[in-house]
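Just so we're clear, the structure is a prediction, and the values are computed from it rather than from any experiment. No hydrogens, no waters, no symmetry mates; every other heavy atom, side chains included, goes into these values. Chain naming here is simple, since letters A, B, ... match the order of the sequence lines and numbering starts at 1 in each.
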Number of protein chains: 2
Amino acid sequence: MSAPQPHPIPETIAADLALAIHEHRLAPGTKLSEEELGEIYGVSRTIIRAALQRLAHDRLVELRRNRGAFIAQPTVREAREVFEARALLEPRTARSAAERITEADLAALQHHIDDEHAAIAAGEAGRALHLSGLFHREIARIADQETIAEFTDQLIARSSLIIALYWQRRGALCESHAHHALMKAFAARDGALAEELMKNHLLDLLSSLDLRHRATAYASLREALNG
Amino acid sequence: MSAPQPHPIPETIAADLALAIHEHRLAPGTKLSEEELGEIYGVSRTIIRAALQRLAHDRLVELRRNRGAFIAQPTVREAREVFEARALLEPRTARSAAERITEADLAALQHHIDDEHAAIAAGEAGRALHLSGLFHREIARIADQETIAEFTDQLIARSSLIIALYWQRRGALCESHAHHALMKAFAARDGALAEELMKNHLLDLLSSLDLRHRATAYASLREALNG
DNA sequence: TGAAACATAATTGTATACAATCTTCGATAC
DNA sequence: GTATCGAAGATTGTATACAATTATGTTTCA
């Protein structure tokens with residue numbers, strides 16, 4: 001959606017597409033036609049190509065030469081590596097965050113959790129997943145490590161694709177408990193506990209994936225973006 | 001250099017520019033004119049813009065809207081964060097590498113060290129620095145963690161810029177000893193030792209930076225790229 | 001002399017046109 | 001009936017043209 005922004009620069013469009021991917025409105029493997037995207041956003045292919053290139057660099061989109069752009073389909077190996085990388089970065093980040101978190105930060109985190117619950121209650125699974133990612137993103141921001149936070153952002157985004165492909169038992173709200181426990185550690189400024197909880201949380205996530213099968217579900221571009 | 005490739009696609013040009021940055025032929029702050037680059041590489045601005053966008057995503061180039069592209073000038077804070085991130089990723093990577101390294105890998109690493117020494121002996125400081133980075137890059141490859149290796153690549157590239165800006169006492173061949181010690185740990189398949197050595201090596205690098213002053217040195221585009 | 005304002009030039013941002021490549025689908029041969 | 005070849009169509013790759021913005025240098029006024 002959001003066609004007529006004041007400056008529909010590539011960045012804006014890339015962000016919109018990324019959101020659609022996070023929320024599972026665009027499924028892995030979906031072809032992203034340049035002309036169609038151009039019509040949807042009301043810009044020329046020049047802008048679309050820049051946006052697609054950006055997404056490709058974040059590994060959310062795969063560019064095949066002379067073939068076009070497709071929503072990425074992470075392999076089993078990539079899925080493992082992404083969560084292993086997260087398990088390397090985020091626990092340490094959680095520790096830093098716990099050691100410097102402010103009351104305002106705590107309130108913001110709680111807000112994310114509340115929104116996530118509301119989305120689950122409303123049956124908006126995609127939005128809930130996105131908000132769950134934002135929880136992790138917020139922690140990286142609180143830790144005040146911009147460079148690592150950017151890597152984490154990228155890994156969270158790729159996790160959305162991985163979950164779309166390999167998470168079979170979707171209904172489970174397995175994250176809620178872990179996020180609540182993390183909140184308690186943050187509130188107590190217990191860095192060691194936060195680190196341990198985050199580590200286990202990420203390993204739980206990885207083990208909850210079924211890396212044997214791939215789920216498949218497609219949707220048209222206009223359906224996913226215009227709504 | 002390297003103007004008439006069979007397919008001077010953006011990727012090729014971005015790699016060439018990245019090499020020039022690694023080898024300190026292009027200094028931080030240098031303006032990258034689209035038209036001039038287009039003439040140098042014999043392609044239109046379309047290709048150049050794609051290459052610049054890619055480099056911007058790797059933080060080697062900064063894009064200022066309506067102003068143009070410039071070789072990035074990492075801040076003091078960014079310099080610290082980059083080496084902290086490396087200190088978080090690379091020691092673990094070195095451990096994995098040590099545990100699975102093959103004889104062929106060892107030979108390749110030794111080859112890098114030899115090349116580096118040859119470059120130092122020949123007074124090619126820029127090339128030596130680049131080869132020093134390749135040593136780290138090779139370790140990430142050996143560890144067989146593609147995702148983390150990519151992050152490491154990016155951090156190594158940014159380190160080149162940081163060294164250009166903040167490394168005052170350049171003559172010192174401070175890395176040689178550390179790389180030799182790492183080689184011994186790898187040869188002994190001693191993961192714990194490799195992890196420890198890498199950690200200290202990176203902290204040494206950070207502490208050898210003078211984060212109070214910025215060095216400045218410019219060169220013309222053609223001078224840096226056509227040679 | 002110094003600063004502000006304007007005109008001109010240069011550079012980047014975007015759209016469009018054309019070329020190259022791939023896909024599709026039908027015809028033909030076996 | 002299947003497979004292969006080929007032509008038409010569609011899509012991406014690149015170059016160019018034009019618009020928008022910024023940089024520069026000159027003029028004018030205090």
It should be established whether A:Lys31 places a side-chain nitrogen or oxygen under 4.0 Å from OP1 or OP2 of nucleotide C:dC22. no
Between CD1 of A:Ile48 and C1' of C:dG13 the distance, given in whole Å, is 15 Å
B:Leu63 CG to D:dT21 C1', in whole Å, measures 16 Å
Whole-Å distance, A:Ile13 CD1 to C:dT14 P, equals 10 Å
Here the distance between atom P of D:dG13 and atom CD of B:Glu11, to the nearest Å, is 13 Å
Contact check, side chains of A:Met198 and A:His136, non-hydrogen atoms, under 4.5 Å: yes
Those stems involving DNA chain D that have three or more consecutive Watson-Crick or G-U pairs, both distances under 3.5 Å, are C:1-30 with D:1-30
query: Is the phosphate of C:dT11, meaning OP1 or OP2, less than 4.0 Å from a side-chain N or O of B:Arg45?
result: no
Looking at side-chain heavy atoms only, is the closest gap between B:His24 and B:His130 below 4.5 Å? no
Quick note, A:Arg67 side chain, CB onward, closest among D:dT11, C:dT23, C:dG13 is C:dT23
Here the distance between atom P of D:dA15 and atom CZ of B:Arg49, to the nearest Å, is 14 Å
- Message: Side-chain N or O of A:Ser44 versus OP1/OP2 of C:dA15: is the shortest distance under 4.0 Å?
- Response: yes
ask   = Under 4.0 Å between a side-chain N/O of B:Arg65 and OP1 or OP2 of C:dT14, yes or no?
value = yes
To the nearest angstrom, the CD-P distance between A:Gln53 and D:dT12 comes to 15 Å
Here the gap from B:Ile47 atom CD1 to B:Leu37 atom CG, rounded to the nearest 0.5 Å, amounts to 12.5 Å
_With heavy-atom distances below 4.5 Å as the criterion, would you say the side chains of B:Arg100 and B:Asp144 are in contact?_
yes
B:Glu34 atom CD is separated from D:dT22 atom C1', nearest whole Å, by 14 Å
**Request:** Begin with the C-alpha distance, continue with both residues' side-chain angles, and end with the deciding distance and a verdict on side chain to side chain donor-acceptor pair (under 3.5 Å) for B:Ser159 and B:Arg86.
**Result:** CA-CA 10 Å; B:Ser159 296; B:Arg86 289 185 65 174; 2.8 Å; yes
| message | Contact between A:Phe83 and A:Leu88 at the side-chain level, heavy atoms closer than 4.5 Å - yes or no? | response | no
Picking from C:dT12, D:dT14, D:dG13, the nucleotide nearest the side-chain atoms of A:Asn66 would be D:dG13
If you take the centroid of each ring, where Trp contributes its six-membered ring, are B:His112 and B:His179 closer together than 6.0 Å? no
Among the nucleotides D:dA15, D:dT22, D:dT14, whichever has the atom closest to the side chain of B:Thr46 is D:dA15
note: A:Ile9, atom CD1; C:dA15, atom P; distance rounded to Å ~ 13 Å
